[in-house]
Amino acid sequence: MEQKEKKQTVFSLIQPTGTPTLGNYLGALKNWANMSDEYDCLFGIADLHSITVPDFREKPAQLRKNTRELYALLLALGLSPDKNTLFVQSHVAAHSQLAWILNCYTQFGEASRMTQFKDKSAKHKDNITVGLFAYPTLMAADILLYNASYVPIGQDQKQHLELARNIAERFNAIYGELFTVPKPLIGKTGAKVMSLTEPLKKMSKSDENEKSYITLLDEPSSIVKKIKSAVTDSESEVLYREGKDGINNLIIMYSACTGQSIKEIENEFSGKGYGAFKSAVADAVVKELMPIKERYNQYIADKEYLDKCMRENAEKAAVRSQRTLNKVMKKVGFLQI
Ligand code: ATP
Ligand code: LTN
C-alpha cells in the first residue's frame, strides 16, 4: 500500500465513438496495458467528450452500446480493473464540475487555436457547439483531477495536453501549488498510423470509408482484404522514404506488431515486392489482434461482471477526484458549508 502511494499517476481516456482502430491501439492502447506495474494508472472512456460531435448526439442507444463494448475491450486488452482504476467519465460528476471552473480560466483565443477544433468544426460547419469548443478544458479537468504526472496519448492530442499544462500552471500561479503539471507520453514507435486509403490522413474510427481503417474486432479475412488494397505507390521496393506514405505506414504497422526495426524490415523484404510484404503485414496484424478479439467475446457476454467493474471503479475515481475538486472549490472561493 505504502509503495502504491509513491507511484506516479498515469491517466488517459478514449472516446466511445466506435470500435478502436489499429491506430488507437498502436498509438495509445497497447502501451496502457503494461504500465500498471510501474505507475498508479487510471484509464477510461470519455463518453462526455463523444457528444461534442453531431454523429453521437441524439443517438443514446448507440452511445450506451459503444460504452459497454469499449469497456469490455479495455478488459480484453489486459487492463486489470483491480490494479488500475478503469472507469467511465460520465459516472464521475467531478469531471463536468471542474471543467466548468477551468473554462473560466481559459482564454477564448487559446481554445480557438486548437487544431482539432478547427478540423472538426470545418467538418460540421452547420453544427458547431460550445461543447466542441470547450472539449480541451474538459480534457484538462480529466487529467488535473487526478494529479496525473503522465498522459499516454497519440501525437494528435499533444496540443490539448499543452493547453492542460498551461491551465495548470496558470491556476498554480494564482492559488499556489494545487495541480500537478502533466507530461505527455507518446508511444515508443511514435506510431501515428495513417489511413489505408489516404495515407496522408491519420487512421480514424470515425472515417466514412471503412476500408481506411482496421478495427480491433475486424475478422481476419477483412483485415487481409483491407491491407491488400491499401494505397501504396508505383514503385516496388519496401523502403521507408519520404513520399512513400502508404508503404511507410505499412512498415510502421509491421514494426509495431513484430518489434522489428525499420532497417530489419527493409532487409527482410528487399527484392520481394509489395504483394509479399502486404501479406506479411496482414499476418502480423491478425496475429496481434486475434487474442484480443477472443477475450473480448468472453467479456462482452458477461454484462453483470462488466457493470460490477464499472460501478466499483467509478467509486474509486469519484473518491479521488472529489478530493481535488474540494480543494479547487475552496481556493477559488466558493462558500464552504
Ligand atoms: P475519432 O475518429 O472519433 O476522432 P480517433 O480514432 O481519432 O477518434 P480518439 O478516440 O480520439 O481516436 O483517440 C484515442 C487515442 O488514440 C488517443 O490517444 C489518440 O491520440 C490515439 N490515436 C488516434 N488515432 C491514432 C492514429 N491514427 N495513430 C496513432 N494514435 C492514434
Ligand atoms: N481527447 C482524447 C480523449 C481524452 C483524453 C482525456 C485523453 C479525453 N480526456 C484525458 C487523455 C487524457 C482523444 O480524443 N483521444
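Just so you know, ligand 1 is whichever comes first in the structure, and atom 1 is the first atom listed for that ligand.
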Subject >> atom 9 (N) of ligand 2: nearest protein contact (heavy atom, Å) >> reply: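 In this structure, atom 9 (N) of ligand 2 has D142 OD2, 2.6 Å as its nearest protein heavy atom.
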Original post:
How close does the nearest protein non-hydrogen atom get to atom 1 (N) of ligand 2, and which residue and atom is it?
Top reply: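 Closest protein heavy atom to atom 1 (N) of ligand 2: Y135 OH, 2.6 Å.
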**OP:** Find all atoms of ligand 2 within a distance of less than 4.0 Å from any non-hydrogen atom belonging to H49, and give their numbers and elements.
**Re:**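 Contacts of ligand 2 toward H49, numbered from 1: 8 (C), 9 (N).
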If you measure from each non-hydrogen atom of [X] to ligand 2, which part falls under 4.0 Å: side chain, backbone, both or neither?
X	result
Q89	neither
I143	side chain
H160	neither

Subject >> T21 to ligand 1, any heavy atom closer than 4.0 Å >> reply: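 The answer is no, since T21 has no heavy atom less than 4.0 Å from ligand 1.
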**OP:** Check whether any side-chain N or O of K293 sits under 3.5 Å from a backbone N or O of L289 as a donor-acceptor pair, and report yes or no.
**Re:**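 Side chain of K293 to backbone of L289: no pair is present.
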Original post:
Would you say E58 has more than 12 foreign heavy atoms packed within less than 6.0 Å of its CD?
Top reply: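 Open.
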Kindly confirm or rule out an N or O of [X] lying under 3.5 angstrom from an N or O of ligand 1.
X	answer
V193	yes
M203	yes
T17	yes

Original post:
At what distance, to the nearest 0.5 angstrom, does CZ of F133 lie from CG of N103?
Top reply: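 Going from CZ on F133 over to CG on N103, the span is 9.5 Å.
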Original post:
CG/D47 to NE2/H91 distance, rounded to the nearest 0.5 angstrom?
Top reply: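 Separation between the atoms: 6.5 Å.
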Original post:
Which option out of V10, I153, L13, D47 puts a heavy atom nearest to atom 5 (C) of ligand 2?
Top reply: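 Residue with the shortest heavy-atom distance to the ligand atom: L13.
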Original post:
Any side-chain donor paired with an acceptor under 3.5 Å for T9 and D40?
Top reply: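 Yes, a side-chain donor-acceptor pair sits under 3.5 Å.
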Original post:
Salt bridge between E312 and K308, side-chain N to carboxylate O under 4.0 Å?
Top reply: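 Yes.
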